[in-house]
Amino acid sequence: MSSEEKGLVLIIDDEENIRLVLQNILSREGYRVELAGDGLEALKKLDQTVFDCILCDVRMPVMDGPSFLAAAQKKGVLAPIIMLSAYGSVDSAVESIKAGAFDYVFKPFKPDEILLTIKKAEDQERLKRENLALRRAASQTPPSGIVARSKPMADLLVLVERVARAKSPVLITGQSGTGKELVARAIHDAGDRRDKPFVAVNCGAIPENLLESELFGHVRGAFTDAVRDRAGLFQEADGGTLFLDEVGELPANLQVKLLRVLQEEEIRPVGASASIKVDVRIVAATARELSKEMLTGFFREDLYYRLNVLPLHIPPLKDRPEDIPLLLNHFLVAFSARMGREKPRMDNEAAEALLRYDWPGNVRELENVVERILVLCPKECLEIEDLPSHIRAVRPETPVTPGESAADLKSRIKALEAEAIREALLEAGGNRAEAARRLRISYPSLLSKIKLYQL
């Protein structure tokens, strides 16, 4: 193991030979080590350096181990402290642990005993960091459930926060399956209408002859089956948000009526003689290019400009591959919990195949693939053969040939390094510290490379 994989350990003991023995044991295993002869000297080092683990003798002049332990805790030191003593007993060990020590090792000790205890301390600290990261991630994830880390999505979520405070119409564009309704819900949840209704309707899923009544409601006797008055979705969403998904599917006559609602803030139910005032924030979405359909006459120009006051575009998943590991882990956790099973691991070959695939169905396709895999493969480790055939069929890029230039070679090396980092993040469920450990590079080095490759 390389030294950059290991942490920095502080050894505190008044016996020089013990300090040197411990230093030799830890250095051989790749740990970096600093030494102190008593508790006071150690406290001075704590003011200058952050340690990953501390080994502290119990009996020392000037300041003994228990006094150092109390002082370190008062300073807020988070590193696990392992007490060492040649005069210890089970009772003294218990008292030390009650006082806040991670563990207690009796002298004379064996090298493996020291290394195993430090390893246990490292594992516990890693779990603490992972749990903290998960809690932070959960607290930062909007209630709408958007899971993303890429810069395009980070920029989009900044815009979501800004437009949420306005009442102006929003037009969300993006390919099918990118999560337009999730973004619409995020806008609603982040605004001052969050306590009012969020009502969603797919304009392409309702027959044209029923859509007007569905949107605006109707009065009794308006048509054959209208046996009673019925409020429409605009009235249901009053005070809140109405999400018009696939707004490009609206027929021409309803485009005119929607434009009137946007201009006058009132609706007229089918068969009614008077209009009704409504306070509704319109968020529309489409996978179509309305600007082109406007030019061909399929979508009204005046309605397009009225809806497109605050435009938001969701990039396809293939343009933000750094989100794939996060989404994959999210869906694995969610579906595993729903099925009452442990989240399976995924081997490198399967992970590479999922990262190579360009996901034409976007996030929805990824979600469906994960659900299908978990239903059909009740295994602890998912392998390449468990993936759908069309994903397995995507082969890796052609390797470098002797005729390629040095510039091509450098770009391919960078691409391979970026791909390796993506895979490590995928395997680590998005945990960067764990990904750095898997890659056998330091955490700062990983952060630098993530920034370099804009991952």
Side-chain angles (χ1 to χ4, degrees), residues 143-146 160 163-164 167-191 193-219 222-223 225-226 228-272 275-288 290 293 298-300 303-304 306-312 314 362-364:
S144 52
I146 296 175
V160 164
V163 305
K167 188 186 175 182
S168 306
V170 178
L171 181 61
I172 305 171
T173 56
Q175 295 178 3
S176 179
T178 49
K180 294 187 286 292
E181 183 169 345
L182 287 179
V183 171
R185 286 185 180 275
I187 293 169
H188 175 79
D189 292 340
R193 294 172 178 259
R194 66 178 69 88
D195 296 326
K196 300 296 183 178
F198 175 89
V199 178
V201 57
N202 188 322
C203 299
I206 301 173
E208 183 177 340
N209 62 326
L210 298 178
L211 187 55
E212 182 178 3
S213 173
E214 188 72 16
L215 289 173
F216 306 118
H218 62 256
V219 298
F223 46 85
D225 295 326
R228 63 177 65 87
D229 290 355
R230 182 180 182 277
L233 295 178
F234 270 92
Q235 288 170 279
E236 186 180 329
D238 193 31
T241 303
L242 180 62
F243 175 55
L244 300 174
D245 197 10
E246 299 303 338
V247 71
E249 303 286 343
L250 277 178
N253 66 314
L254 289 185
Q255 290 183 30
V256 175
K257 294 188 176 184
L258 176 59
L259 178 63
R260 178 174 175 78
V261 174
L262 290 168
Q263 291 173 336
E264 307 296 333
E265 295 189 340
E266 61 182 28
I267 60 168
R268 178 171 293 187
V270 178
S275 297
I276 301 172
K277 281 287 184 182
V278 289
D279 174 22
V280 175
R281 205 264 175 92
I282 298 293
V283 178
T286 181
R288 294 186 175 190
L290 294 187
E293 299 208 358
F298 286 104
F299 199 82
R300 291 184 63 94
L303 178 59
Y304 172 74
R306 196 69 186 84
L307 287 173
N308 199 37
V309 177
L310 298 171
L312 295 178
I314 306 177
N362 295 293
V363 179
R364 185 182 298 124

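Atom set for the values below is all heavy atoms of this structure, side chains included, hydrogens, waters and symmetry mates excluded.
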Closest heavy-atom pair and its distance - R281, A164: NH1-O, 3.9 Å
Is there a donor-acceptor pair closer than 3.5 Å between any side-chain N or O of H188 and the backbone N or O of K196? yes
Can you pull the salt bridge (Lys or Arg N to Asp or Glu O under 4.0 Å) pairs that have at least one residue in residues 242-251, sequence neighbours excluded? E249-R288
Rounded at 0.5 Å granularity, tell me how far CG in L244 sits from SG in C203. 4.5 Å
Sidechain-backbone polar pair: K277 side chain, E264 backbone, donor-acceptor under 3.5 Å: yes
Can a donor-acceptor pair be found, under 3.5 Å and without considering hydrogens, that links the side chain of D279 to the backbone of D238? no
If we ignore angles and hydrogens, is there a donor and acceptor under 3.5 Å between the side chains of S213 and R230? no
Nearest 0.5 Å, please: how far is CZ in F216 from CZ in R260? 10.5 Å
Atom pair CG (L259) and CG (L303), whose distance is rounded to the nearest 0.5 Å: 5.5 Å
Spacing of CD1 belonging to I206 relative to CD belonging to E214, to within rounding of 0.5 Å: 4.5 Å
Min side-chain heavy-atom separation F198-D189 under 4.5 Å: no
pair F299-L307: side-chain heavy atoms closer than 4.5 Å: yes
Verify, without hydrogens or angle tests, whether N362 (side chain) and S176 (backbone) share a donor-acceptor contact under 3.5 angstrom. yes
Under the side chain to side chain donor-acceptor pair (under 3.5 Å) rule, collect the residues that match up with Q235, sequence neighbours excluded. none
Measuring only between side-chain heavy atoms, which start at C-beta, is T241 closer than 4.5 Å to I187? no
Return yes if some donor-acceptor pair links the side-chain N/O of R193 with the main-chain N/O of G239 below 3.5 Å, else return no. yes
Return yes when atom CD of E266 has more than 12 non-hydrogen atoms of other residues, nucleotides or ligands closer than 6.0 Å, and no otherwise. yes
Working to the nearest 0.5 Å, report the span between CG of L215 and CG of L233. 6.0 Å
Would you check if I267 and V280 make a side-chain contact, meaning some heavy-atom pair closer than 4.5 Å? no
Short side-chain to backbone donor-acceptor contact, Q255 and R300, under 3.5 Å: yes
